[in-house]
Structures are given as structure tokens and as C-alpha cells.
**Q** 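Provided herewith is a single structure, encoded as C-alpha cells, for subsequent inquiry.
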There are 2 protein chains.
Amino acid sequence: MNQSTIQPINHSTACCGPVAELSLTSEEADRLAAQFKAMGNPVRLQIVMLLSRYGGQVCVCDIEARFTLSQPTISHHLKILRRAGLIECERRGQWYYYFVNPRAAAALGAVLAQLQPDAGQGEYA
Amino acid sequence: MNQSTIQPINHSTACCGPVAELSLTSEEADRLAAQFKAMGNPVRLQIVMLLSRYGGQVCVCDIEARFTLSQPTISHHLKILRRAGLIECERRGQWYYYFVNPRAAAALGAVLAQLQPDAGQGEYA
DNA sequence: CTATTATATAGATGAATGTCAATATTGATG
DNA sequence: CATCAATATTGACATTCATCTATATAATAG
């Protein structure tokens, strides 16, 4: 069962006026939440920042070198990011090169932009 | 111990050129990851969207009415969002009114903006 | 003061997560 | 073909998470 399912409004109390419906379908919420969740680990966040900062492609050994974590653990985090659609990879010879999927980053950014009063401008302080 | 600690570069392989250092301190990574993680649950994502869409303040009973979840579970999710700094609340009489913290949303948006090739424009497709 | 209402907190429990060691896979090299 | 090197996969384990029920707290109504 999907726990983020929208419920009908049953508003009889006096605490506040009628409130808008939820703006995401539960499928959208699940997909976006999975992407935020993938970003929601300091190791994975650092990995994504590293990939983006490199501006292109980075192989796994270079990622590994920056953490005090085992190779399988890094591989696991890369898989989670990949499954969420935040990064992609491409094999070239012996190596796998990883890179950020900018469309996914943009989709999450759009959600956050909606949370701000000046939504639409995309002005980040 | 902090698992996202930066390691010195030890680059002797031929897989790719030297790669930039991690761009976040592990403290920054931890704080930002905690915020992304708070957004990384479909119920909490829906709650935040609901608060923002209402444009102001919503009391807990109105949030509860939209989910098939118990009152303590909603309260628990609100606490997680509050602890992450994504939302705040204010008591007025009998009710607690919750609202999005736009500065936190902006900070996360800035991270995502960095992930995109045209970082700086803030153009979300 | 007592009862009610709105919300939070505490405690329990099954599911998911992060990590590692061990092993498998796959391309390169001798 | 045999070995090596880079990365993925598997399986185990402790920790964290999402949820519930039960209870506490605090403001309001009577």
C-alpha cells in the first residue's frame, strides 16, 4: 500500500481555513522522494558533488580514494544513485565512468523552487 | 566517526586525470544530507509541498486528514522535518501551525543548481 | 476544577539501510 | 589460456526508520 495516498478533505474544525489538495500524485511523490533519499546520505552527496565538480566523468577508483570506506560500499552507493536516476555510468575498457544526470537534478531543484516564496525566479541565496 | 571524511588524493592509476577535491566539508555534507534525507520520504515530501502550497500556515489536524496514517506518525514526520530545519512551527492557542523554512529550501536548491551544467542560471526545466 | 481537544512523547516492532568480507564478473595483458 | 585489475554482487550484521498503541501535556470549554 502507498502511504502517501491523498485523502479527501474532511474539514469541520475551526483551526484554519480549507487547505489545497496535495500537489503530487503518490507515484510522483514516491519517485521524487526516492531521489531526495538518494541524496540524503553524506557519502552519496559528496560523490554526486564530486562527479559534478569534475564536470565530466570520474572512475570508481578515484571516488574510492576519497573515502575511508570499502570498495563494495562505494559500489553500493553508486548503485543507489544510479537506481534513483541521479547518476549514470558508461564502461570504457576496464573502467566505469560515472556522471551526474542533470535532468534529475533539475527535477529536484524544481520541487525546491516551489517551496520558496519567490518560486519561479530560481534565485538561490 | 564521520564516514564522509575527505581523503588525500593518491592518484597513480591511468583511469582518468586528477580529480578535484570534495567540495563540502564533512560537517556541511552531514547537515545537507540530513535535509535531503528529511525530504526523502513520500509522506514528508507531500507534507512540505502541502505547507508551501498553502502559502502560509497549516495546523496538524489538516495534515493528518490527508493521509491514512495515525496522528503520532504525522507528528513524528513533522518532528523530523523540524529537526532538519526544513519547517518551523508556531503555537497559537490550541493549535500548532507549521510552515516551510524558505532559507533551508534555498540552501538545498543551491546544491542541486551546482549539479547542473548551467549552474548559476537556476533554470529548471 | 473537570472534561475535551490538539498535539507531542514513549515504547515496541518489523522493515530498510550502511557497512564489511568474500566472491563473481569482465576486460586487459602476458 | 592464465593472471591481473577494476568493479559488481552476495550474504551477514548492527543500526536506523516508519509505524502503531498507549500515554502525557497543554490549552480551552463548561
Side-chain angles (χ1 to χ4, degrees), chain A residues 1-5 10-16 19 26 29-30 33-34 36-47 51 57-65 67-84 87-99, chain B residues 1-5 10-16 19 26 29-30 33-34 36-47 57-65 67-84 87-98:
Chain A
M1 67 259 127
N2 196 314
Q3 301 291 33
S4 58
T5 303
N10 179 13
H11 196 91
S12 58
T13 55
C15 48
C16 50
V19 167
S26 55
D30 286 350
F36 278 118
K37 188 172 176 179
M39 297 281 289
N41 171 283
V43 173
R44 291 196 293 268
L45 181 58
Q46 293 271 30
I47 290 174
L51 296 184
Q57 309 189 345
V58 184
C59 71
V60 177
C61 60
D62 260 334
I63 302 171
E64 285 171 34
F67 298 93
T68 55
L69 290 170
S70 70
Q71 176 266 319
T73 297
I74 297 295
S75 192
H76 170 70
H77 284 306
L78 289 170
K79 188 178 189 174
I80 288 173
L81 289 168
R82 199 155 24 98
R83 228 176 29 205
I87 67 175
E88 293 170 12
C89 72
E90 170 186 312
R91 185 166 205 159
R92 228 179 299 147
Q94 208 167 356
W95 297 291
Y96 282 86
Y97 290 86
Y98 280 85
F99 48 95
Chain B
M1 66 262 133
N2 197 316
Q3 302 290 29
S4 58
T5 303
N10 178 13
H11 197 92
S12 57
T13 56
C15 48
C16 49
V19 166
S26 55
D30 286 349
F36 278 118
K37 188 170 174 180
M39 296 282 288
N41 171 284
V43 172
R44 290 195 293 268
L45 181 58
Q46 294 270 29
I47 289 174
Q57 309 189 344
V58 184
C59 71
V60 178
C61 60
D62 260 334
I63 302 171
E64 285 170 34
F67 298 92
T68 55
L69 290 170
S70 70
Q71 176 267 316
T73 297
I74 297 296
S75 192
H76 170 70
H77 284 306
L78 290 170
K79 188 178 190 174
I80 288 172
L81 288 167
R82 199 155 24 98
R83 227 175 31 206
I87 67 175
E88 293 170 11
C89 72
E90 170 186 312
R91 184 166 205 158
R92 229 180 299 147
Q94 207 167 358
W95 297 289
Y96 283 86
Y97 290 85
Y98 280 86

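If you're wondering where the values come from, they're calculated on a predicted model, not measured in any experiment. Just so we're on the same page: letters track the sequence lines, and every chain starts at 1.
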**Q** Specify the separation, in whole Å, of atom CG of Leu81(A) and atom P of dT7(D).
**A**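 Roughly 16 Å, once rounded to whole Å.
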**Q** I'd like to compare against my own output: the B/S/- annotation of nucleotides 21-26 of chain D with a strict under-4.0 Å heavy-atom distance to protein.
**A** BB---S
**Q** Please state how far atom CD in Glu90(A) lies from atom C1' in dT7(D), giving the value in whole angstrom units.
**A**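 Rounded to the whole Å, the gap is 16 Å.
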**Q** Tell me whether the rings of Tyr96(A) and Tyr98(A) are parallel (<30°), tilted (30 to 60°) or perpendicular (>60°).
**A**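 Tilted, since the angle between the ring planes falls between 30° and 60°.
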**Q** Could you tell me how far apart Glu64(B) (CD) and dT19(D) (P) are, to the nearest whole angstrom?
**A**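 It works out to 14 Å between those atoms.
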**Q** Would you say dC17(D) has OP1 or OP2 under 4.0 Å from some side-chain N or O of His77(B)?
**A**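 Checking His77(B) against dC17(D): no side-chain N or O falls below 4.0 Å of OP1 or OP2.
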**Q** Using side-chain heavy atoms (C-beta onward) and a distance below 4.5 Å, is Phe36(B) in contact with Arg44(A)?
**A**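 Not touching, per the 4.5 Å side-chain cut-off.
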**Q** Can you tell me if the side-chain N/O atoms of Lys37(B) get under 4.0 Å from OP1 or OP2 in dC17(D)?
**A**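 Yes, such a contact exists.
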**Q** Identify whether any heavy atom of Ile74(A) sits under 4.0 Å from a base atom; if not, whether one sits that close to sugar-phosphate; answer base, sugar-phosphate or nothing.
**A**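 Nothing, no heavy atom under 4.0 Å.
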**Q** Between N or O atoms, less than 3.5 Å apart, protein on one side and nucleotides 2-5 of chain D on the other: list the pairs.
**A**
unit_1 : atom_1 : unit_2   : atom_2 : d
dA5(D) : O4'    : Gln94(A) : NE2    : 3.4

**Q** Ignoring backbone atoms, test whether His76(A) places a side-chain nitrogen or oxygen under 4.0 Å from the OP1 or OP2 oxygen of dT7(D).
**A**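 Result: no.
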**Q** May I ask you to verify if any side-chain N or O of Asn41(B) is less than 4.0 angstrom from the OP1 or OP2 atom of dC17(D)?
**A**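 No, no such contact exists.
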**Q** Could you measure the distance from the NZ atom of Lys79(B) to the CD1 atom of Ile87(B)? Nearest 0.5 Å is fine.
**A**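 Between atom NZ of Lys79(B) and atom CD1 of Ile87(B) there are 12.5 Å.
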**Q** When you measure from the side-chain N and O atoms of Arg92(B) to the phosphate of dA27(D), is any distance below 4.0 Å, counting only OP1 and OP2?
**A**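 Result: no.
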**Q** Roughly how many Å is it from CZ in Arg44(B) to C1' in dT19(D), rounded to a whole number?
**A**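 Interatomic distance, CZ of Arg44(B) to C1' of dT19(D): 12 Å.
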**Q** Heavy atoms, side chains only, cut-off 4.5 Å: are Val58(B) and Ile47(B) in contact?
**A**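 Sidechains of Ile47(B) and Val58(B): no contact.
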**Q** Does OP1 or OP2 of dA6(D) have a side-chain N or O of Tyr98(A) closer than 4.0 Å?
**A**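 The answer is no; no side-chain N or O of Tyr98(A) sits under 4.0 Å from OP1 or OP2.
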**Q** Are Lys79(A) and dA8(D) close enough that a side-chain N or O sits under 4.0 Å from OP1 or OP2?
**A**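 It does not, given that no N or O in the side chain of Lys79(A) lies less than 4.0 Å from OP1 or OP2 of dA8(D).
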**Q** Of the listed nucleotides (dT19(C), dA8(C), dA8(D)), which one gets closest to any side-chain atom of Val43(A)?
**A**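 Closest nucleotide among those given: dT19(C).
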